[in-house]
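Chain letters run A, B, ... following the sequence lines, proteins first, then strands; residues in each count from 1. FYI, side chains are in, hydrogens and waters are out, and symmetry mates aren't considered; it's all heavy atoms of this structure.
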There are 2 protein chains.
Amino acid sequence: MKHTNTIGEAASASGVSAKMIRHYEKIELIEAAERTNSGYRLYTPADIHTLRFIRRARNLGFSVDDISELLDLWKNDTRTSKDVRRVADGHLVALRAKAAEIHSMIDALEQLFDGCTNDERPDCPILDDLADAAKPARPKQVGHKFGFERVC
Amino acid sequence: MKHTNTIGEAASASGVSAKMIRHYEKIELIEAAERTNSGYRLYTPADIHTLRFIRRARNLGFSVDDISELLDLWKNDTRTSKDVRRVADGHLVALRAKAAEIHSMIDALEQLFDGCTNDERPDCPILDDLADAAKPARPKQVGHKFGFERVC
DNA sequence: ATAGGGCCTCCCATCATTGGAAGGTCAAGG
DNA sequence: CCTTGACCTTCCAATGATGGGAGGCCCTAT
């Protein structure tokens with residue numbers, strides 16, 4: 001008797017929802033699970049280990065494509081540290097780019113907030129700026145990747 | 001004779017693609033444009049101003065729902081600065097949360113990189129960690145049977 | 001035997017954006 | 001007048017990861 005688990009058990013053991021396990025099977029990130037006579041999917045501890053691998057990689061923000069590659073490397077005896085580095089490094093570069101993008105949004109928004117009264121008056125530099133970024137209300141300069149020179 | 005422009009002109013003047021202008025009309029973010037006899041959309045300078053507003057807000061990462069609200073406030077004489085602040089503040093909170101999330105991914109990934117040799121060897125703490133996060137993270141000081149410091 | 005809960009498949013929605021296909025319209029030049 | 005090419009129209013689909021729900025089967029406990 002194999003030690004097998006239902007999809008619900010695999011889900012709670014791995015942290016991957018049953019929905020997503022079926023999804024990962026459909027997109028062929030994981031192999032199709034064995035089935036009972038009645039069609040229920042069965043998962044071995046090794047399968048659950050793989051699912052946990054996937055969930056951890058997702059937590060680090062890896063895309064499914066990246067994870068597919070990482071899984072291949074994980075199970076490939078001839079892999080090299082370099083191979084893994086390449087995948088992880090590409091992701092790190094993307095993460096840092098995303099972080100920079102978000103920070104420039106935050107910076108621009110914070111600048112707008114500086115001039116905002118936050119009261120009952122209708123005047124609002126935030127709207128003014130969105131309506132016309134060229135209008136010089138406050139000569140506070142901010143370098144911005146989106147080309148906003150004048151920010152609130 | 002009104003000063004009107006085709007959708008292509010409005011697109012290049014506003015920075016919003018023609019595709020997206022039609023899309024914004026369909027989802028009712030903007031009002032349906034006037035049409036020529038032959039069905040071409042026509043845009044006034046005011047329309048283009050609105051489109052630029054939208055593009056700037058998108059550049060700051062506002063969702064379409066947020067922008068819809070901001071547009072209403074922009075055109076609403078009875079708005080208060082507070083109203084705008086509420087929308088912008090909510091977005092800022094979300095941006096900061098996203099930034100924190102990404103930074104925790106970056107930190108975790110950088111930690112894994114510390115132990116990675118980036119060479120031809122198959123050992124890799126990145127994969128090890130994904131496979132089992134409970135395993136002692138970076139056993140740098142553990143002796144290797146070949147005398148190598150077991151890194152990556 | 002019946003109720004409940006878990007499982008199955010299939011479809012749809014998100015969010016903003018892009019792409020393509022198939023066809024109509026317009027201006028300029030031969 | 002007719003072709004050409006740029007522009008416009010609508011509709012449909014896909015992206016990526018995930019969730020929700022409907023309708024139906026399976027298994028176990030009462």
Side-chain angles (χ1 to χ4, degrees), chain A residues 4-30 32-43 47-48 51 53-71 90-91 94-95 97-98 101-102 105 146, chain B residues 4-30 32-43 47 51 53-71 90-91 94-95 97-98 101-102 105:
Chain A
T4 55
N5 300 86
T6 64
I7 197 171
E9 289 160 353
S12 55
S14 67
V16 180
S17 71
K19 274 283 201 207
M20 290 311 298
I21 296 176
R22 295 192 196 98
H23 178 63
Y24 290 151
E25 180 180 311
K26 190 166 54 179
I27 65 175
E28 294 179 306
L29 177 64
I30 57 178
E34 299 290 311
R35 303 283 189 126
T36 65
N37 289 336
S38 55
Y40 283 24
R41 288 175 179 81
L42 291 176
Y43 294 89
D47 293 333
I48 291 170
L51 288 170
F53 183 106
I54 291 171
R55 208 219 45 184
R56 280 197 242 274
R58 289 285 314 134
N59 284 349
L60 288 176
F62 282 99
S63 69
V64 166
D65 276 356
D66 281 349
I67 295 173
S68 180
E69 210 167 338
L70 290 173
L71 280 175
H91 179 50
L95 280 180
K98 191 74 189 164
E101 187 188 344
I102 290 178
M105 288 178 184
F146 300 121
Chain B
T4 54
N5 300 86
T6 64
I7 198 170
E9 290 160 352
S12 56
S14 68
V16 180
S17 71
K19 276 282 203 210
M20 289 311 297
I21 296 176
R22 294 191 197 98
H23 177 64
Y24 289 152
E25 179 181 312
K26 191 166 53 178
I27 66 174
E28 294 179 302
L29 176 64
I30 57 179
E34 298 293 311
R35 304 284 188 124
T36 66
N37 290 335
S38 56
Y40 284 23
R41 287 174 180 81
L42 290 176
Y43 294 89
D47 293 333
L51 288 170
F53 182 106
I54 291 170
R55 207 219 44 185
R56 283 196 237 274
R58 290 284 314 134
N59 283 350
L60 288 176
F62 283 99
S63 70
V64 168
D65 276 358
D66 281 349
I67 295 173
S68 180
E69 208 166 341
L70 290 173
L71 280 175
H91 179 50
L95 280 179
K98 192 74 189 165
E101 188 187 344
I102 289 178
M105 288 178 183

Nucleotide D/dA17, atom C1' - distance to CG of A/Leu51 in whole Å: 16 Å
Separation of C/dT17 P from B/Glu25 CD (nearest whole Å): 17 Å
Approximate separation, where rounding is to 0.5 Å, of A/Ile30 CD1 and A/Leu71 CG: 9.5 Å
Shortest non-hydrogen separation from A/Leu29 to A/Val64 and the atoms involved: CD1-O, 3.9 Å
Review item, nucleotides 24-26 of chain C N/O atoms under 3.5 Å of protein N/O:
| from | atom 1 | to | atom 2 | distance (Å) |
| --- | --- | --- | --- | --- |
| C/dG24 | N2 | B/Tyr40 | OH | 2.8 |
| C/dT25 | O4' | B/Tyr40 | OH | 3.4 |
| C/dT25 | O3' | B/Ser38 | OG | 3.2 |
| C/dT25 | O2 | B/Tyr40 | OH | 3.3 |
| C/dC26 | OP1 | B/Ser38 | OG | 2.8 |

Separation of C/dC8 P from A/Lys26 NZ (nearest whole Å): 13 Å
Smallest separation among heavy atoms of B/Ala11 and B/Ala18, with atom names: CB-N, 3.6 Å
A/Arg55 side, atom CZ; A/Arg58 side, atom CZ - distance, nearest 0.5 Å: 11.5 Å
Flag side-chain contact, heavy atom, 4.5 Å: B/Arg41 against B/Arg35: yes
Interatomic distance where CG belongs to B/Asn59 and P belongs to C/dA16 [whole Å]: 14 Å
Interatomic distance, B/Asp65 CG vs C/dT14 P [rounded to whole Å]: 10 Å
Sorted by number, the residues of residues 11-22 of chain A with heavy-atom contact under 4.0 Å to DNA chain C: A/Lys19, A/Arg22
Pair B/Arg22 + B/Glu25, salt bridge at N-O below 4.0 Å: no
NE2-CD1 distance between B/His91 and B/Ile67, expressed to the nearest 0.5 angstrom: 8.5 Å
Helical bend (five base pairs per end, nearest 10°) for the helix from C/dA1-D/dT30 to C/dG30-D/dC1: 40°
B/Thr6 side chain near D/dC7 phosphate (N/O to OP1/OP2, under 4.0 Å): no
Approximate separation, where rounding is to 0.5 Å, of A/Tyr43 OH and A/Thr4 OG1: 11.5 Å
Spacing of B/Leu60 atom CG and B/Asp66 atom CG [to the nearest 0.5 Å]: 11.0 Å
Spacing between B/Phe62 atom CZ and C/dA16 atom P, to the nearest angstrom: 13 Å
Protein-nucleotide distance (B/Lys98, atom NZ; D/dA17, atom P), rounded to Å: 12 Å
Distance below 4.0 Å between B/Tyr24 side-chain N/O and C/dT17 OP1 or OP2: yes
Closest heavy-atom pair and its distance - B/Ala10, B/Leu51: CB-CD1, 4.3 Å
Point-to-point distance, once rounded to the nearest 0.5 Å, from NZ of B/Lys19 to CD1 of B/Ile7: 10.0 Å
Spacing between B/Arg41 atom CZ and D/dC7 atom C1', to the nearest angstrom: 13 Å
